[in-house]
Amino acid sequence: VFLVCAIGYSTYKSNLRQNARQQNIRQENIDSRSDQNSIPGFVKTEILLPEFSLPDLYNKEGSFSKKDLLGKYSLINLFASWCTTCHAEHNILLRLKEKLKYEDNINIYGVAWRDISQNTRKYLEKSGNPYVKVASDNKALFTKLVGVKAVPETLIIDPQGKVILRYSGNLQEFMKP
């Protein structure tokens, strides 16, 4: 039994390394002391998103895909209705939506991570919905593409569909009220 587990674990680790190489993920911490234009807490990243499609939370016929991200900058916030840290940062996202409502150069999308769709809808109805579109990622398929292990996490996507910045954790930690 131990031998089977050891082989399984080593195969799993090998596949993780291979997937990271195939996605050509490059990350570096942004140090605010060396770059005046940096955003503290964000990590520079280069992940070219492959084609993907997730179900739209509010439109059973609709989906959230890479096509939604092309042509303008996008912010993707990965969250869950059961995540207390996500609840804590929610007001930041609502304020950001308010600030950006007259801007046409960035959209805010939400991806509900490992959540029950009905619970996500109830949470957003109660707390407010800062997102242009909300996708369900109940099986963590999208989050595997970008290497997310926990929520909340926020991704900044460029107009070509490439993740260029990521922030793991509560957005309140770097945004002032």
Side-chain angles (χ1 to χ4, degrees), residues 19-30 37-81 83 85-86 89-115 117 120-121 123-124 127-172 174-175:
N19 287 341
R21 281 192 298 268
Q22 286 174 348
Q23 290 180 3
N24 195 20
I25 297 173
R26 196 183 111 214
Q27 298 188 135
E28 59 185 79
N29 286 324
I30 297 175
N37 297 322
S38 68
I39 304 170
F42 273 83
V43 175
K44 261 187 190 174
T45 302
E46 288 185 17
I47 304 171
L48 184 58
L49 292 174
E51 294 298 325
F52 68 90
S53 181
L54 295 171
D56 186 312
L57 183 68
Y58 292 104
N59 179 358
K60 289 185 181 186
E61 305 299 318
S63 66
F64 173 60
S65 69
K66 185 174 179 177
K67 292 176 188 170
D68 292 306
L69 305 172
L70 299 177
K72 61 173 64 177
Y73 283 90
S74 303
L75 182 150
I76 300 177
N77 179 253
L78 297 117
F79 73 101
S81 65
C83 168
T85 307
C86 300
E89 80 169 0
H90 195 74
N91 282 335
I92 297 291
L93 294 164
L94 290 170
R95 287 197 340 242
L96 186 58
K97 175 187 177 183
E98 189 63 30
K99 284 184 179 183
L100 295 174
K101 74 179 179 181
Y102 299 110
E103 300 286 329
D104 192 36
N105 57 349
I106 188 166
N107 285 327
I108 303 174
Y109 297 98
V111 175
W113 184 68
R114 294 184 176 179
D115 207 349
S117 295
T120 305
R121 280 192 289 276
Y123 168 69
L124 292 174
S127 303
N129 185 352
Y131 309 113
V132 171
K133 190 180 274 191
V134 183
S136 296
D137 192 14
N138 300 339
K139 296 179 181 175
L141 300 174
F142 177 77
T143 53
K144 288 176 187 171
L145 292 175
V146 294
V148 172
K149 293 176 178 52
V151 290
E153 183 147 341
T154 303
L155 308 171
I156 306 293
I157 316 298
D158 75 6
Q160 291 74 42
K162 182 170 50 173
V163 180
I164 56 172
L165 293 170
R166 72 187 311 150
Y167 185 84
S168 297
N170 185 343
L171 290 172
Q172 285 181 320
F174 78 90
M175 294 187 78

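Because only heavy atoms are used, hydrogens play no part in the values below, and waters and symmetry mates are left out as well, while side chains stay in.
- Using a 4.5 Å heavy-atom threshold, the side chains of Phe64 and Ile76 count as touching.
- Residues Ile47 and Val146 approach most closely at CD1-O, 3.9 Å, considering heavy atoms.
- Of the charged side-chain nitrogens involved, none lies within less than 4.0 Å of a carboxylate oxygen, so that Asp137 and Arg114 do not count as a salt-bridged pair.
- Atom CG in Leu94 sits 10.5 Å away from atom CD in Glu89 (nearest 0.5 Å).
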side-chain contact (heavy atoms from CB on, under 4.5 Å) between Asp68 and Lys133, worked out: CA-CA 9 Å; Asp68 292 306; Lys133 190 180 274 191; 3.1 Å; yes
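- Few gaps surround NZ on Lys72; more than 12 heavy atoms of other groups in view lie less than 6.0 Å from it.
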Go through Leu155 and Leu75 one step at a time and tell me if the side-chain contact (heavy atoms from CB on, under 4.5 Å) criterion holds. CA-CA 6 Å; Leu155 308 171; Leu75 182 150; over 6 Å; no
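- Checked against ring pair (Phe, Tyr, Trp, His ring centres under 6.0 Å), Phe142 has the following partners two or more places apart in sequence or in another chain: Phe52.
- Salt bridge annotation for Glu98-Arg95: absent, with no cationic side-chain nitrogen under 4.0 angstrom from a carboxylate oxygen.
- For Asp56 and Ser63, the side-chain atoms include no donor-acceptor pair closer than 3.5 Å.
- The backbone N or O of Leu49 lies less than 3.5 Å from a partner atom in the side chain of Lys66, making a donor-acceptor pair.
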Full working for side-chain contact (heavy atoms from CB on, under 4.5 Å) between Tyr109 and Ser74: CA-CA 7 Å; Tyr109 297 98; Ser74 303; 3.7 Å; yes
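- Here the OG-CG distance, from Ser136 to Leu141, works out to 11.5 Å after rounding to the nearest 0.5 Å.
- A distance of 5.5 Å separates OG of Ser117 from CG of Leu57, quoted to the nearest 0.5 Å.
- Between Lys144 and Lys139, the shortest heavy-atom distance links the atoms NZ-O, 4.0 Å.
- The distance from the CG atom of Leu100 to the CG atom of Asn105 is 7.5 Å, given to the nearest 0.5 Å.
- A donor and an acceptor atom, one from each side chain of Asn170 and Gln172, are located under 3.5 Å apart.
- Between Val151 and Val111, every side-chain heavy-atom pair lies at or beyond the 4.5 Å cut-off.
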What do the steps show when you test Val163 against Leu48 for side-chain contact (heavy atoms from CB on, under 4.5 Å), and what is the final call? CA-CA 6 Å; Val163 180; Leu48 184 58; over 6 Å; no
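- Contact between Leu165 and Phe42 at its shortest, heavy atoms only, is CB-CD2, 3.7 Å.
- Taking OG from Ser81 and CG from Asp115, the interatomic distance works out to 3.5 Å, rounded to the nearest 0.5 Å.
- Between His90 and Tyr131, the ring planes are perpendicular. Angles over 60° get that label, and only those under 30° would be called parallel.
- A pairwise comparison of heavy atoms in Trp113 and Ala140 identifies NE1-CB, 3.6 Å as the closest pair.
- Between Thr85 and Phe79, every side-chain heavy-atom pair lies at or beyond the 4.5 Å cut-off.
- Atom-to-atom distance recorded for Asn129:CG and Leu124:CG is 4.5 Å, nearest 0.5 angstrom.
- Residue pairs meeting the side-chain hydrogen bond (donor to acceptor under 3.5 Å, both in side chains) criterion with at least one member in residues 146-156, sequence neighbours excluded, are Asn77-Thr154, Glu153-Arg166, Glu153-Ser168.
- Smallest separation of non-hydrogen atoms from Cys86 and Ala80: SG-N, 3.6 Å.
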